[in-house]
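First the proteins, then the strands, lettered A, B, ... as listed; each starts at 1. As the structure is a prediction and not an experimental result, all values here were calculated from the model.
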Protein chains: 2
Amino acid sequence: MAEGGAAGGGENLLFLTDEHLRKGIEAMFFAYRGFTADPDRILEGYGYGRAHHRALHFIRLSPETTVNNLLGLLGVTKQSLNRVLRALIEDGLVESKIGPKDKRERHLVLTEAGAALERDLSEAQRGRMRTAYRQAGPDAVAGFRKVLEAMMDPDMRQHYQRLRDGNS
Amino acid sequence: MAEGGAAGGGENLLFLTDEHLRKGIEAMFFAYRGFTADPDRILEGYGYGRAHHRALHFIRLSPETTVNNLLGLLGVTKQSLNRVLRALIEDGLVESKIGPKDKRERHLVLTEAGAALERDLSEAQRGRMRTAYRQAGPDAVAGFRKVLEAMMDPDMRQHYQRLRDGNS
DNA sequence: GATTTTATGTCAGTCTTGTTGACTTTCCAA
DNA sequence: TTGGAAAGTCAACAAGACTGACATAAAATC
């Protein structure tokens, strides 16, 4: 099934050419650079990296989350995450509380300072996103989300959808 | 100018909420992981990383390109790129020819072996892209491209558009 | 109650890929 | 022709990913 049943004119047959796909690949590459550029600049001042941003982001989104849960979202090893969390806890941006039910667990929450930095980072990233969305318009945004969702690994799509539908 | 002039119904007022933007941010994050996953698996077998993939990609796209030109596209320091190129040249995947006009320049081209690996990597990445595009449909793809382009830094957008329009 | 599994943390070592600084070769213009 | 700018290379270092081994405590299971 190389070519699906195209009902219309014929230009739809072209949107899956290797050239067209290549352009999409390059668009992802260049856009992702822009996507991370603004928070990266802020993080530099703190001696933090993208890993710290991601941790702050998901802890804000799911307060009282456990280390294990975060590992699933971030897709890194616990040693890698631990280095980041240790720094954030030592610097007073994240609080790690022993789980009330299961004392093996650590429940993570942002402190005031952590929430403040997370807001700064988020706002920087949202700023660019907002501009892009406004330029492209609602229909384009819907398509954007649709394609991105289809590109995810199934596991990640589950995580994504859970976050999307749950905490709104 | 918090809310732009919305002509239509009212749902358009919602598409720029912080929550909506946050979902877009997470979509980018999770989708980019999928985007790189397939080539990463192939690269592992060769002892290469993403940086090698990017170099091969852009050398294939612009044969006889110079190191300097590549630096602009990749947005890394020349020292960083040099390490990658050295490995690819030593392994016989890339040929570096002294510039015929300006002998300071190195003109880069893929060897047979380099082109073969690049094809493998590209095809893996295109495979996922093709599936996602097919699932989402042409309209969604157009929106996807539109938003990504709006997210790029102006410099990168220039590079992107030059590649897009030039070598087709 | 003893054993196993789970959740987390830590130490040590490696790899990729980014960085800066110092250096060579080549070109070009004053 | 000389001195600076440009292109590229080499060396050393840092961030942040990884693996593997091991420790501890608590929960779950037998």
Exercise for review: Answer yes or no: is there an ion pair linking B:Glu26 with B:Lys23, defined by an N-O contact shorter than 4.0 Å?
Suggested key: no
Point to revise | Distance in angstrom units between B:Arg33 CZ and D:dA17 C1', rounded | key: 13 Å
Review point. For B:Arg50, which contact category applies under a 4.0 Å heavy-atom criterion: base, sugar-phosphate, or nothing?
Key: sugar-phosphate
Check your understanding: Does a side chain donor of either B:Gln161 or B:Glu149 reach within less than 3.5 Å of an acceptor in the other side chain?
Key -> yes
Practice item. Run through A:Tyr32, A:Phe58, A:Tyr160 and flag the one making a ring pair (Phe, Tyr, Trp, His ring centres under 6.0 Å) with B:Phe29. Key: A:Phe58
Practice item. Specify the separation, in whole Å, of atom CD of A:Glu44 and atom P of D:dA14. Key: 16 Å
Point to revise | Toward the 5' end of DNA chain D, by each residue's nearest nucleotide, A:Lys101 or A:Gly49 | key: A:Gly49
Practice item. Spell out, yes or no, whether B:Leu88 and B:Tyr46 are grouped together once hydrophobic residues are joined by side-chain heavy atoms under 4.5 Å, including indirect joins. Key: yes
Check your understanding: Earliest and latest nucleotide of DNA chain C, 5' to 3', sitting under 4.0 Å from a non-hydrogen atom of chain A?
Key -> C:dT6 to C:dC11
Revision key, fill the gap. A correct 5'-to-3' footprint of nucleotides 3-9 of chain D, with B, S and - meaning base, sugar-phosphate only and no protein heavy atom under 4.0 Å, is --BBSBB
Review point. With B:Asp38, which of B:Arg33, B:Arg128, B:Arg126, B:Arg130 fulfils salt bridge (charged side-chain N to carboxylate O under 4.0 Å, His left out)?
Key: B:Arg128
Review point. Are A:Ser80 and D:dC18 close enough that a side-chain N or O sits under 4.0 Å from OP1 or OP2?
Key: yes
Review point. With sugar-phosphate meaning primed atoms plus P, OP1 and OP2, does A:Gly47 contact a base, only sugar-phosphate, or nothing at under 4.0 Å between heavy atoms?
Key: nothing
Check your understanding: Are B:Leu108 and B:Val67 side-chain neighbours, meaning at least one heavy-atom pair lies under 4.5 Å?
Key -> yes
Exercise for review: Indicate whether any N or O donor in one side chain lies under 3.5 Å from an N or O acceptor in the other, for A:Thr36 and A:Arg50.
Suggested key: yes
Practice item. Whole angstrom is fine here: how far is it from CG in A:Leu81 over to P in D:dC18? Key: 10 Å
**Study point:** Side-chain heavy atoms of B:Gln135 within contact of A:Lys146, under 4.5 Å
**Key:** no
